[in-house]
Amino acid sequence: QVQLVESGGGLVQAGDSLRLSCAASGRTFSNYAMAWFRQAPGAARVFVAAISWTGHTAVYEDSVEGRFTISRDNAKNTVYLQMNSLKPEDTAVYYCASKEDPYYWGNHYSEQDYTYWGQGTQVTVSS
């Protein structure tokens, strides 16, 4: 079975940086594309960023492009989301997700593109 555990969330001020981590277990982590989603209060869960199994390809939601960086360390079975220049609008619960099939890089923007999910970590950005 696959387990994803997020960590690194917290309360920060606008303009600060934060790095989220997602630790994976239960299968060969390096073979699967990974993603981050977020859900703001009263809103639906939406796409933030995705990264290929090699880490050579990444895509981002427009509002975080240039501020957030997704990366992975396959030796540590961990994917990261480095968040810089944080804004109050970034406040949300952030979720890590994994695709069902290995070596698959196709659709990235929908919850339906992913099978395994973590429990989420809260990020709160004050003004």
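A92 and R38 make their closest contact through CB-CB, 3.8 Å (heavy atoms, listed as atom of the first residue, atom of the second, distance). When all heavy atoms of T78 and S21 are compared, the pair lying nearest together is CG2-CB, 4.2 Å. Nearest heavy-atom pair across P88 and A14 is CD-CB, 4.1 Å. Nearest approach of A50 to H108, heavy atoms of both residues: CB-CB, 4.1 Å. Closest approach of M34 and L4 over heavy atoms only: CE-CD2, 4.0 Å.
V46 has its side chain out of reach of Y109: every pair of non-hydrogen atoms, C-beta onward, lies at least 4.5 Å apart. Using a 4.5 Å heavy-atom threshold, the side chains of T121 and V93 count as separate. At least one side-chain heavy atom of W36 sits less than 4.5 Å from a side-chain heavy atom of C22. Side chains of N31 and Y103 form a contact here, defined as non-hydrogen atoms less than 4.5 Å apart. The shortest distance between side-chain heavy atoms of D113 and F47 does not fall below 4.5 Å. A heavy-atom distance below 4.5 Å is found between the side chains of V48 and V64. Counting only heavy atoms from C-beta outward, the side chains of C96 and V79 approach each other to under 4.5 Å. Taking 4.5 Å as the limit, some side-chain heavy atom of T69 sits within range of a side-chain heavy atom of Y60.
Judged purely by distance below 3.5 Å, without hydrogens or angles, the side chains of E100 and T115 pair a donor atom with an acceptor atom.
Once rounded to the nearest 0.5 Å, the distance linking CD1 of I70 with CE of M83 reads 12.0 Å. Atom OG1 of residue T124 and atom CG of residue L18 lie 10.0 Å apart, to the nearest 0.5 angstrom. Rounded to the nearest 0.5 angstrom, D90 CG and S63 OG are separated by 7.0 Å. Here the straight-line distance linking atom CD1 of I51 with atom CH2 of W105 works out to 7.5 Å at 0.5 Å rounding. Going from atom CG of D73 over to atom CZ of F29 covers 8.5 Å, rounded to the nearest 0.5 Å. One distance of note links CD of Q82 with CZ of R67; it measures 12.0 Å at 0.5 Å rounding.
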Next item on the list: Evaluate side-chain contact (heavy atoms from CB on, under 4.5 Å) for R72 paired with Y80, printing each intermediate quantity in order.
Entry: CA-CA 6 Å; R72 66 192 300 162; Y80 304 96; 5.8 Å; no

Checklist line | Working for side-chain contact (heavy atoms from CB on, under 4.5 Å), residues D16 and V125 | finding: CA-CA 8 Å; D16 285 354; V125 185; over 6 Å; no

Next item on the list: Test N84 against S17 for side chain to side chain donor-acceptor pair (under 3.5 Å), laying out the working first.
Entry: CA-CA 4 Å; N84 298 328; S17 296; 2.9 Å; yes

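The backbone N or O of E6 sits less than 3.5 Å from a side-chain atom of Q119, completing a donor-acceptor pair. Put simply, the side chain of S110 gets close to the backbone of Q112: a donor and an acceptor are under 3.5 Å apart. A donor-acceptor contact shorter than 3.5 Å is absent between the side chain of E61 and the backbone of E65. Between the T91 side chain and the E89 main chain, no donor and acceptor come within less than 3.5 Å of each other.
Below 30°, between 30° and 60°, or above 60°: for Y95 and W117 the angle between ring planes is above 60°, a perpendicular geometry.
A cation-pi arrangement is not found for K99 relative to Y32, the charged atom failing to lie both closer than 6.0 Å to the ring centre and inside a 45° cone about the ring normal. Figure legend: R45 and Y94 shown without cation-pi pairing, the cationic atom not lying both under 6.0 angstrom from the six-membered ring centre and within 45 degrees of its axis.
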